2 protein chains.
Amino acid sequence: MGLRERKKVQTRNALIDAALELFLTRGYEATTIDQIAARVDVSPRTFFRYFSSKEDVALSAPADSQDIFLAALAARPETESPYTALSQAMRTMVATLRGKEPEDAARFMKARQLVEETPALLAGQMRLLMENEQRLVAEVARRQGTDSGDLLPQFVVSVFTGLGMICYHSGTQGLDVMAERLDDVLTLADRSLRPGWDLATADTSPSATD
Amino acid sequence: MGLRERKKVQTRNALIDAALELFLTRGYEATTIDQIAARVDVSPRTFFRYFSSKEDVALSAPADSQDIFLAALAARPETESPYTALSQAMRTMVATLRGKEPEDAARFMKARQLVEETPALLAGQMRLLMENEQRLVAEVARRQGTDSGDLLPQFVVSVFTGLGMICYHSGTQGLDVMAERLDDVLTLADRSLRPGWDLATADTSPSATD
DNA sequence: TAATTTATGTCACCTCATGACAGATGACAA
DNA sequence: TTGTCATCTGTCATGAGGTGACATAAATTA
């Protein structure tokens, strides 16, 4: 890895840290790009060469965690049912986060806290989730052997996304708490959902029951 | 109702219609406030006296539909279980929308289509949803007789929000399709969820099973 | 060292959004 | 009808977010 690339990573991390620091102390809206850039000693223009927007820098850590989740899901064995694969991937994500450098973990926690207290960022994070949602639906449909346009995969992903949101919401208090909460939520889900609910059955068309 | 108020309503609707029209033809980002204001023959400054932002005007119709839902939920009898109340309120909302003036319905549909094809607005709509989420959780907790911080009400609302998203997603093709989709989704939910899943039981604390 | 690539800074520009103030217009009472 | 008052509106000025163009400085490669 050359000097050039190392410097880029360094600048990028410095921008993220400076931004999170300012956002958390002065507030997200009250902080300007100029202030962030000034703290890292780069021009404001350079900021936008690293991040496409103010929101982008704030959500870079959450976006990373999403990527981790996607990767974990892809690594789950084909034999697992959709919901099992999703929830195991979630556990893997939390574990991966906990295994990271303290520096990275701190960034993640700061971003979590910031997002929680900033409605605009909460919305942005939801957008990130929704952008992945279609990929998730496609993956679930593949595992179920059904079509992506079918209702069931959408339903499964939708339920799971909801679970993820609840965990994420509790992540403010640290990754340990988040891991516990994940267990609780999954337990609750097991108790609420019928066995095999996430698997396609012979009669997929709804019309007979009512 | 005086002339002044009538004019205000008129201007407001004109701004919404002009905005939706331009957004749908030229795209959301490509359309400027100046263009919207010019089409209605008001100053750009006046636009911001009716709407707090560009997003606000685009999401005014969705925001209205949310209000309808909240009102419908409040009107549900106390005896209904949380999930039943939520889903019936949803049905009421769709029915209310279908019963509106064609002009209003058209606005709603245009907004739906616009939101669907504009990621930034998708995020905004999610924000609207999340703003209500806490109220929903509180309402469900009240009906369950549990605490608002408890996991179950959050879970119920989360699942339901997911269902709502699926319906909403299909609302692009018209309110009739959306009503059908709602039925399908609720049927699927009934098939997937255990009876009484949305009611608090004696043993709420998870620890025994695993 | 010379040539090439690439990151950065500077400058200009546009759009979104807000505050301040003056003028126009509807509301209302005499 | 007229005068007063409240309110809506337009104009102006300002600041922040975001982008394109171009020159410069630095790192890579030969």
Side-chain angles (χ1 to χ4, degrees), chain A residues 1-16 18-23 25-60 63 114-115 118-125 127, chain B residues 1-16 18-23 25-60 63 114-115 118-125 127:
Chain A
M1 190 148 121
L3 171 59
R4 201 165 223 149
E5 277 189 88
R6 263 182 291 138
K7 269 198 167 180
K8 276 184 71 172
V9 173
Q10 199 176 329
T11 304
R12 184 186 154 85
N13 283 337
L15 281 172
I16 296 176
L20 289 178
E21 198 65 31
L22 289 170
F23 289 161
T25 54
R26 310 188 187 183
Y28 176 70
E29 273 86 9
T31 304
T32 68
I33 307 283
D34 288 21
Q35 291 167 353
I36 301 170
R39 186 169 278 217
V40 188
D41 260 313
V42 296
S43 77
R45 188 66 185 87
T46 294
F47 173 90
F48 286 106
R49 293 203 174 92
Y50 283 89
F51 302 98
S52 60
S53 68
K54 198 173 163 180
E55 188 185 273
D56 191 20
V57 67
L59 294 180
S60 66
L114 175 64
V115 168
T118 312
L121 292 179
L122 211 54
Q125 185 173 280
R127 186 176 45 71
Chain B
M1 187 147 125
L3 171 58
R4 200 164 220 149
E5 277 189 89
R6 262 181 292 139
K7 269 198 167 181
K8 276 183 72 174
V9 173
Q10 199 176 329
T11 304
R12 184 186 154 84
N13 283 336
L15 282 171
I16 296 175
L20 289 177
E21 197 65 32
L22 289 170
F23 289 160
T25 54
R26 310 187 187 184
Y28 176 70
E29 273 86 10
T31 304
T32 68
I33 307 282
D34 288 21
Q35 291 167 353
I36 301 170
R39 186 169 276 217
V40 188
D41 260 312
V42 296
S43 78
R45 188 67 185 88
T46 293
F47 173 91
F48 285 106
R49 293 203 173 92
Y50 282 89
F51 302 98
S52 61
S53 68
K54 198 173 164 182
E55 189 185 272
D56 190 21
V57 67
L59 294 180
S60 66
L114 176 64
V115 168
T118 312
L121 292 179
L122 211 54
Q125 185 172 280
R127 186 177 43 72

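Predicted, not measured: the structure shown is a model, and the values here were computed from it. To find a chain, count down the sequence lines: A is the first, B the second, and so on, and within it residues start at 1. Reckoned from all heavy atoms, side chains included, excluding hydrogens, waters and symmetry mates.
For the pair B/Ala30 and B/Gln35, the tightest heavy-atom approach, listed with the atom from each and the gap, is O-OE1, 4.0 Å. When all heavy atoms of A/Pro119 and B/Arg127 are compared, the closest pair comes out as O-CD, 4.0 Å. The heavy-atom pair separating A/Ala123 from B/Ala123 by the smallest distance is CB-O, 3.5 Å. For the pair A/Ala19 and A/Val57, the tightest heavy-atom approach, listed with the atom from each and the gap, is CB-CG2, 3.9 Å. Closest approach of B/Leu22 and B/Arg39 over heavy atoms only: CD2-NH2, 3.6 Å. Nearest heavy-atom pair across A/Ile36 and A/Thr31 is CG1-CG2, 3.9 Å.
For the pair B/Phe47 CZ and C/dC16 P, the interatomic distance rounds to 9 Å; values are reported in whole Å. A/Lys54 places its NZ atom 17 Å from the P atom of C/dC16, with the value rounded to the nearest Å. Atom CZ of A/Arg12 is separated from atom P of C/dT8 by 13 Å (rounded to the nearest Å). Atoms CZ (B/Phe23) and P (C/dT15) sit 14 Å apart, rounded to a whole Å. Atoms CZ (A/Phe48) and C1' (C/dC11) sit 16 Å apart, rounded to a whole Å. Rounding to whole angstrom units, CG of residue A/Leu15 and P of C/dA7 are separated by 14 Å.
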Nucleotides 19-30 of chain C: protein proximity per nucleotide (B base, S sugar-phosphate only, - neither; heavy atom, under 4.0 Å): BB----BBS---
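Within the 4.0 angstrom heavy-atom criterion, no nucleotide atom of any strand lies near A/Phe51.
Applying the side chain to side chain contact (heavy atoms under 4.5 Å, CB included) rule to A/Ser60 yields the partners A/Arg12, A/Ile16, A/Phe51; only residues at least two apart in sequence or on another chain are considered. For A/Ile33, the side chain to side chain contact (heavy atoms under 4.5 Å, CB included) partners at least two apart in sequence or on another chain are A/Phe47, A/Phe48, A/Lys54. Considering only residues two or more places apart in sequence or on other chains, B/Ser43 meets the side chain to side chain contact (heavy atoms under 4.5 Å, CB included) condition with B/Arg45, B/Thr46.
In this structure, A/Tyr50 contributes its side chain and A/Asn13 its backbone to no donor-acceptor pair below 3.5 Å. Although no hydrogens or angles enter the test, the distance criterion places a donor-acceptor pair under 3.5 Å between the side chain of B/Tyr28 and the main chain of B/Glu55.
Against DNA chain C, the stretch residues 27-44 of chain B makes heavy-atom approaches under 4.0 Å through B/Thr31, B/Thr32, B/Ile33.
Taking the 5' to 3' direction, DNA chain D first and last meets chain B under 4.0 angstrom from a heavy atom at D/dA6 to D/dT11.
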